[in-house]
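Numbered from 1 within each chain, the chains take letters A, B, ... in sequence-line order.
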2 protein chains.
Amino acid sequence: MDQYTKGDTGTILFNISAVERETGLSKDTLRVWERRYDFPSPVRDDNGDRAYTTEQISKLRLIKRLLDQGHRPGKIIGLDDERLERLVSEPAGDQPPRQDIAVYIHLVRSHQALELRRHLTQAMARQGLQRFVTDTVGPLTQAVGEAWMRGEIAVFEEHLFTELMEGLLRNAITALQPQGKAPRVLLTSLPNEQHNLGLLMVEAILTVESAPCIALGTETPVTEIAQAAKAHRTDIVALSFSGAYPETKAIEGLRELRTLLPEPFLLCAGGAGVGRIRRRLNGIELITGLDKMCELVRQWRAEHSSY
Amino acid sequence: MDQYTKGDTGTILFNISAVERETGLSKDTLRVWERRYDFPSPVRDDNGDRAYTTEQISKLRLIKRLLDQGHRPGKIIGLDDERLERLVSEPAGDQPPRQDIAVYIHLVRSHQALELRRHLTQAMARQGLQRFVTDTVGPLTQAVGEAWMRGEIAVFEEHLFTELMEGLLRNAITALQPQGKAPRVLLTSLPNEQHNLGLLMVEAILTVESAPCIALGTETPVTEIAQAAKAHRTDIVALSFSGAYPETKAIEGLRELRTLLPEPFLLCAGGAGVGRIRRRLNGIELITGLDKMCELVRQWRAEHSSY
DNA sequence: TCAATTATTTGTCTAGGACAATGAGCTGAT
DNA sequence: ATCAGCTCATTGTCCTAGACAAATAATTGA
């Protein structure tokens, strides 16, 4: 029941439930990997329950990232950390390093909240909300996430960053006095997907585009999404998936929603979690970037302006 | 793998994974309930996998609500829908009915988001932020929660309300240009406590009181809270617990935090979850209302103004 | 009346088997 | 050479059924 326990040497050990939360790998998967590949091979606590070390968890995170890139478990689980690291950084490759992002990251790590907020507010004023979101918030959020994966940023630092960013975006959105014209867009995520930043980014962009948003926050059950779309007479339903969201669950949820929502509704999904979906899904638009959401709205307007 | 299949009569059936998502009850729990209480007793599909009907799912939702209210599975699972319904609406107390709250609730239920926002903004302007939070947001949030328990408000309606309220409070907070003087307060909640509204209410009140807040959002592990308090040199650490949070967990977490944070730090806990704690906890302030938080800050200032 | 003990309830863990869906590798026809 | 179709290996999720600690209720004793 407890999330973590202390090992003999004072090291912190995590139970299988905590590891599921931390890595996004289901308990079943963790157990079957242990059976088949001998990794992870956690020690056992007094009850005989699996107890994972932080090292194992970070290796699992690394492996998860590689799976998301298309690698297969059997091929990579045996490799040592060094080789895994090389695989991760390999194809990700060589984006031009960005000075501004490095500055923000530094502010996050040195706990200068006010200074960080000031810098970001200035950037927003300089770039305008639309470009601020696509060119700064998006990449920065991703960079923070990656730094967190590598253990360079503590949990509480990431929390503070997220909170600050949410405040900033929400403020910008209300400042625009959201009204606007069709299409009306419903924004939310499926249960177990708690990341709200992506949704707020989309909301900001859509608000700039004068498309009215109904934002439900995160974790709305599929049936409720369908009800909400009908009750609010939205034209588009947009779901957000972070990179850690299990692909099969995402597809499952989207398909169910498609069945529950008859055709006139446009259904689309975005976020890092859909980037790796190769399959074409019937009647579901996969959005590969924040700017693409804009295009979708414009396209919708073009198709519905015939009168 | 498919989330739902069609039954013989054309009814939609859900697999165990979908039910977990919809109800928040784990697969393990669903299976063990079936074993022990014969409910839910789903039919099986061609693979022998459980297939749940929508009726079963809504009964499960009802049961989940009652569990959150403190009922125990063994006592209520056997009851029929009628009896369950009666239980849900039963404990609704006899507070003096408030007209304004009834109006807000009505707007929530009729999906008039813009109108609701307008009303609330007006109330805020009329009452001032401090009284708006204590006299309107607090009671309203509670009323919405209770209505949701009774099934009078749908999940998506509650989500929209929460989202709207968060935006409103965040906006008010930033508008105040938070700076201010000591004490510095760290605001967050423990893992598994996802309600952010309570934290935002406190943040709003403290901001009015010119006490600078470090808000980490929800679900920060205890060790991280301790680190954050030190890194940001806060004077007070305030945790929020909603009514559903298990009392023992709360006490456990608070005690652990008290051990990790040496004396000069003031540690306090608030929210519906601490209201029912009778025991006095060493070195931990239990806050019984939003206004009490104010008093705590004033008291702190009185004690530290000796120079 | 309240604290300490004992009994019951309840959620989550365990093991290992099964199987469908996915992806990889191969074959033969265009 | 390319591509559809087939086969085989891989992989995630579901299954059963037993165990046990934590949480809660019931009982005892001071």
Side-chain angles (χ1 to χ4, degrees), chain A residues 1-3 5 13-21 23-37 39 41-52 60 63-64 66-78 245-252 255 276-279, chain B residues 1-5 13-21 23-37 39 42-52 60 63-64 66-78 192 244-252 276 278-279:
Chain A
M1 183 91 4
D2 221 24
Q3 176 159 12
T5 57
L13 297 175
F14 296 80
N15 68 16
I16 197 169
S17 211
V19 178
E20 177 180 42
R21 260 204 309 275
T23 63
L25 298 164
S26 78
K27 294 174 194 139
D28 273 324
T29 301
L30 289 167
R31 285 194 273 254
V32 88
W33 279 8
E34 184 180 343
R35 207 195 307 166
R36 287 180 187 151
Y37 315 120
F39 182 87
S41 51
V43 297
R44 301 304 178 112
D45 66 7
D46 302 337
N47 315 327
D49 292 359
R50 292 170 174 81
Y52 299 82
L60 285 170
I63 291 171
K64 180 70 191 326
L66 287 168
L67 292 192
D68 293 347
Q69 287 177 22
H71 288 86
R72 309 203 68 187
K75 306 281 180 186
I76 58 171
I77 286 190
Y245 202 85
E247 182 176 332
T248 50
K249 301 261 180 194
I251 294 177
E252 245 177 58
R255 285 213 173 122
R276 49 169 195 269
I277 296 181
R278 291 291 140 74
R279 229 183 314 168
Chain B
M1 184 82 13
D2 218 24
Q3 167 152 27
Y4 48 76
T5 54
L13 297 174
F14 297 79
N15 69 13
I16 198 170
S17 208
V19 178
E20 177 181 42
R21 257 209 320 276
T23 64
L25 298 164
S26 79
K27 296 176 195 128
D28 275 325
T29 302
L30 290 167
R31 286 194 275 253
V32 88
W33 279 8
E34 183 180 341
R35 209 195 304 168
R36 288 183 184 146
Y37 314 120
F39 182 87
V43 298
R44 301 302 179 112
D45 65 8
D46 301 337
N47 314 327
D49 292 358
R50 292 169 174 81
Y52 299 83
L60 284 170
I63 290 171
K64 179 72 192 319
L66 287 167
L67 291 192
D68 291 345
Q69 282 181 23
H71 288 87
R72 309 203 65 187
K75 307 279 181 188
I76 57 172
I77 287 189
N192 293 323
Y245 202 86
E247 181 176 332
T248 49
K249 298 271 174 195
I251 294 177
E252 209 180 279
R276 48 169 198 266
R278 289 293 139 73
R279 228 181 316 169

In whole angstrom, give the distance that lies between atom [atom1] of [X] and atom [atom2] of [N].
X: B:H71; N: C:dT9; atom1: NE2; atom2: C1'; answer: 16 Å
X: A:K75; N: C:dG23; atom1: NZ; atom2: P; answer: 14 Å
X: B:I63; N: C:dG11; atom1: CD1; atom2: C1'; answer: 15 Å
X: B:D45; N: C:dA21; atom1: CG; atom2: C1'; answer: 14 Å
X: A:K27; N: C:dA15; atom1: NZ; atom2: P; answer: 15 Å
X: A:D28; N: C:dA21; atom1: CG; atom2: P; answer: 17 Å
X: A:E20; N: C:dT14; atom1: CD; atom2: C1'; answer: 15 Å
X: B:L13; N: D:dC14; atom1: CG; atom2: P; answer: 16 Å

Side-chain donor/acceptor of B:R36 to base of C:dG11, under 3.5 Å: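 When only heavy-atom distances are counted, B:R36 does reach the base of C:dG11 through a donor-acceptor pair under 3.5 Å.
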What nucleotide among C:dA15, C:dC13, D:dA25 has an atom nearest to a side-chain atom of A:I16? C:dC13
B:P73 side chain, from C-beta outward: closest of C:dG11, D:dT16, C:dT9: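 Within the option list, the nearest is C:dG11.
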Does the side chain of [X] get closer than 4.0 angstrom to OP1 or OP2 of [N] through an N or O atom?
X: B:R50; N: D:dC15; result: yes
X: B:T29; N: C:dT12; result: yes
X: B:Y37; N: C:dT9; result: no
X: B:S17; N: D:dC14; result: yes

Is there a side chain to side chain contact (heavy atoms under 4.5 Å, CB included) between B:I16 and B:D49? Walk through the geometry before answering. CA-CA 8 Å; B:I16 198 170; B:D49 292 358; over 6 Å; no
Within the structure shown, what part of the strands sits under 4.0 Å from A:D49 by heavy-atom distance: base, sugar-phosphate, or nothing? sugar-phosphate
Using heavy atoms to find the nearest nucleotide of DNA chain D for B:R31 and A:N47 separately, return the residue whose nucleotide is more 5′.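 The residue whose closest nucleotide sits nearer the 5' end is B:R31.
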Using heavy atoms to find the nearest nucleotide of DNA chain D for B:R35 and A:S26 separately, return the residue whose nucleotide is more 5′.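 Result of the comparison: A:S26.
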For A:L60 and A:L25, what are the C-alpha separation, side-chain angles and deciding distance, and is it a side chain to side chain contact (heavy atoms under 4.5 Å, CB included)? CA-CA 9 Å; A:L60 285 170; A:L25 298 164; 4.0 Å; yes
Can you name the nearest heavy-atom pair linking B:G74 to B:Y37, along with the distance?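 That would be CA-CE2, 4.0 Å.
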Which atoms form the tightest heavy-atom contact between B:N15 and B:A18, and what is the distance?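 For B:N15 versus B:A18, the nearest heavy atoms are OD1-N, 2.9 Å.
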Taking NZ, NE, NH1 and NH2 as the nitrogens, is one of them in B:R44 or B:E34 under 4.0 Å from a carboxylate oxygen of the other? yes
Quick one: on DNA chain C, does B:D46 or B:V32 contact a more 5' nucleotide (nearest heavy atom)? B:V32
